[in-house]
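Let me begin by presenting the structure, written as structure tokens, before commenting on it.
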Amino acid sequence: MVSSKGVRSRGLMLGTLSTVAIGLLTTAAATPGFASQKPVKPTIVLEHGAFADASSWNAVIEELRADGYPVIAAANPLRGPANDAAALRSVLDHVAGPKILVGHSYGGSVISVAGANDPQVKALVYVAAFLPAPGETALELTNKYPGSTLPGALDPTAFTLPDGTTGTDLYIKPGKFHHQFAADVPAGTAALMAATQRPIAQSALEEKTEAAAWKDKPTWAVITTQDLNIPAEVQRYMAKRAHAHSVEVRASHSVAVSQPTTVAGVIEKAARATR
């Protein structure tokens, strides 16, 4: 016969064990690496292109961070695909975990090289950007189809290289910047963009790229149909060749400034699809 005192003691013991078990499960669920933990979101690495700087991504960064994504907007030297990819690689090597690379304009050439042979780069997003194949140049691709009015808007400026020879930097003339580069951006914002633009070495647009990460990584492309720098037909050609998931947007070359929500949405779609 079991006394009522024994029953009460056993019940208290079982209740205590149950409480401890629940506590352990709760603690484990909150512990990094536990099976029920939400997947870590990849870091979004943004690479700007010519005639811009990292601040051109500001509105996109705000959208991505609001949705919980860690973001880095790298500084692009704009000296040439090989040099600039090496600079971006130094950033990527400093970031642990999975990454999504996003390139605007000439920045597409840079992520194509920097993202090759890196298993932590899970996807590529090209925003009004070049998707060159190995051996191709940005200038060659721009001229593949008619429509670019960039040559007439440029202001070439000589500069001295470390070895004493002379190179050429390319700017967009301030008076033509709004129409050429950012026609759908408010005039005041476009004026600030023109004043803070970073020049690209002419040789960078003539340098052949060495690798194409899009050949073996999931790829997305934002195609800008009102683009006066890289004609829409050129963008469609490159995106189709890369088997990219393409989104066409009625926007200027500065779509990341004029339509940041759209651009951030495509980036997040790439991130979700490649977890």
Exercise for review: Please lay out, stage by stage, how Thr261 and Glu63 fare under the test side-chain hydrogen bond (donor to acceptor under 3.5 Å, both in side chains).
Suggested key: CA-CA 7 Å; Thr261 300; Glu63 298 270 352; 2.7 Å; yes
message = Test side-chain contact (heavy atoms from CB on, under 4.5 Å) on Thr137 and Thr209; report intermediate values, then the result.
response = CA-CA 6 Å; Thr137 71; Thr209 52; over 6 Å; no
side-chain contact (heavy atoms from CB on, under 4.5 Å) assessment of Val45 paired with Leu88
CA-CA 9 Å; Val45 180; Leu88 181 56; 3.9 Å; yes
Test side-chain contact (heavy atoms from CB on, under 4.5 Å) applied to Asp67 and Glu268, step by step | CA-CA 9 Å; Asp67 291 334; Glu268 291 188 22; 2.5 Å; yes
I would like to know whether Leu161 and Thr166 meet side-chain contact (heavy atoms from CB on, under 4.5 Å); could you show each step before the answer?
CA-CA 6 Å; Leu161 292 161; Thr166 300; over 6 Å; no
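Panel note: side chain Glu62, backbone Ala59; no donor-acceptor pair is recorded below 3.5 Å. In this structure a side-chain-to-backbone donor-acceptor pair under 3.5 Å is missing from Thr189 to Val185. The main-chain N or O of Ile172 is found under 3.5 Å from a side-chain atom of Gln197 such that the two form a donor-acceptor pair. Side-chain atoms of Ser112 come within 3.5 Å of backbone N or O of Gly108 as a donor-acceptor pair.
A continuous path of ILVMFWY side-chain contacts below 4.5 Å connects Phe181 to Phe130, so both sit in one hydrophobic cluster. Linking Ile, Leu, Val, Met, Phe, Trp and Tyr whenever their side-chain heavy atoms come within less than 4.5 Å leaves Leu150 and Tyr171 in two separate clusters. Note on Leu141: it clusters hydrophobically with Leu78, by side-chain heavy-atom contacts below 4.5 Å among ILVMFWY residues. Residues Ile223 and Ile111 are members of separate hydrophobic clusters, defined by side-chain heavy-atom contacts under 4.5 angstrom among Ile, Leu, Val, Met, Phe, Trp and Tyr. No single ILVMFWY cluster, assembled from side-chain heavy atoms under 4.5 Å apart, contains both Val257 and Ile61.
By the salt bridge (charged side-chain N to carboxylate O under 4.0 Å, His left out) test, Arg250 pairs with no residue at all, sequence neighbours left out.
Taken from OG1 in Thr196 to CG in Asp53, the straight-line distance is 5.0 Å, to the nearest 0.5 Å. The line from CG of Leu92 to NZ of Lys99 is 6.0 Å long, rounded to the nearest 0.5 Å. Rounded to the nearest 0.5 angstrom, Leu101 CG and Leu46 CG are separated by 9.5 Å. Between the CZ atom of Arg65 and the CD1 atom of Ile44 there is a distance of 12.0 Å, given to the nearest 0.5 Å. For the atom pair OG of Ser254 and CD of Gln259, the computed distance is 11.5 Å after rounding to the nearest 0.5 Å. Once rounded to the nearest 0.5 Å, the distance linking CG of Leu205 with CD of Glu140 reads 12.5 Å.
In terms of heavy-atom proximity, Lys217 sits nearest to Leu124 at CB-CD1, 4.3 Å. Taking each heavy atom of Pro81 and Ala204 in turn, the nearest pair found is CD-O, 3.6 Å. Nearest heavy-atom pair across Gly49 and Ser105 is CA-CB, 4.3 Å. The minimum heavy-atom distance between Gly80 and Glu207, with the atom names listed, is CA-OE1, 3.4 Å. Of all non-hydrogen atoms in Ser109 and Pro132, the two that sit nearest each other are OG-CG, 3.7 Å. Taking each heavy atom of Ala116 and Ala213 in turn, the nearest pair found is N-CB, 3.5 Å.
No hydrogens or angles considered: nothing links the side chains of Tyr69 and Thr43 as a donor-acceptor pair under 3.5 Å. Residues Thr149 and Gln180 have side chains that bring a donor and an acceptor to within less than 3.5 angstrom of each other. For the residue pair Thr157 and Asp169, no side-chain donor N or O sits within less than 3.5 Å of a side-chain acceptor on the partner. Judged by distance alone, the side chains of Asp227 and Gln235 do bring a donor and an acceptor atom under 3.5 Å apart. Side chains of Gln226 and Asp184: a donor-acceptor N/O pair is absent below 3.5 angstrom, by distance only.
Residues Val91 and Asp93 are not in side-chain contact: their nearest non-hydrogen atoms beyond the backbone lie 4.5 Å or more apart. Within the 4.5 Å cutoff, the side chain of Val234 has no heavy atoms near those of the Thr142 side chain. For the pair Val247/Trp220, no side-chain contact is recorded, criterion being any heavy-atom separation below 4.5 Å from C-beta on. Between Val102 and Trp57, the closest side-chain pair of non-hydrogen atoms falls below 4.5 Å. Contact annotation: the side chain of Ile100 approaches that of Thr274 to within less than 4.5 Å [non-hydrogen atoms, C-beta and beyond]. Considering only heavy atoms from C-beta on, Trp214 comes within 4.5 Å of Tyr126 through its side chain. Between Lys122 and Pro42 the shortest side-chain heavy-atom distance does not fall below 4.5 Å. Side-chain contact between Val255 and Val263: present, with at least one pair of heavy atoms (C-beta onward) separated by less than 4.5 Å.
A cation-pi arrangement is found for Arg79 relative to Phe159, the charged atom lying closer than 6.0 Å to the ring centre and inside a 45° cone about the ring normal.
Ring geometry for His253 versus His104: interplanar angle of 30 to 60°, hence tilted.
The pair Glu233-Lys144 does not count as a salt bridge, with every side-chain nitrogen at least 4.0 angstrom from each carboxylate oxygen. Looking at Asp84 and Arg89, no side-chain N of the basic residue comes within less than 4.0 Å of a carboxylate O on the acidic one, giving no salt bridge.
By the 6.0 Å contact criterion, CG on Asn117 is open, its count of non-hydrogen atoms from other residues, nucleotides or ligands being 12 or less. Residue Lys240 qualifies as open at atom NZ: its count of foreign heavy atoms under 6.0 Å is 12 or below.
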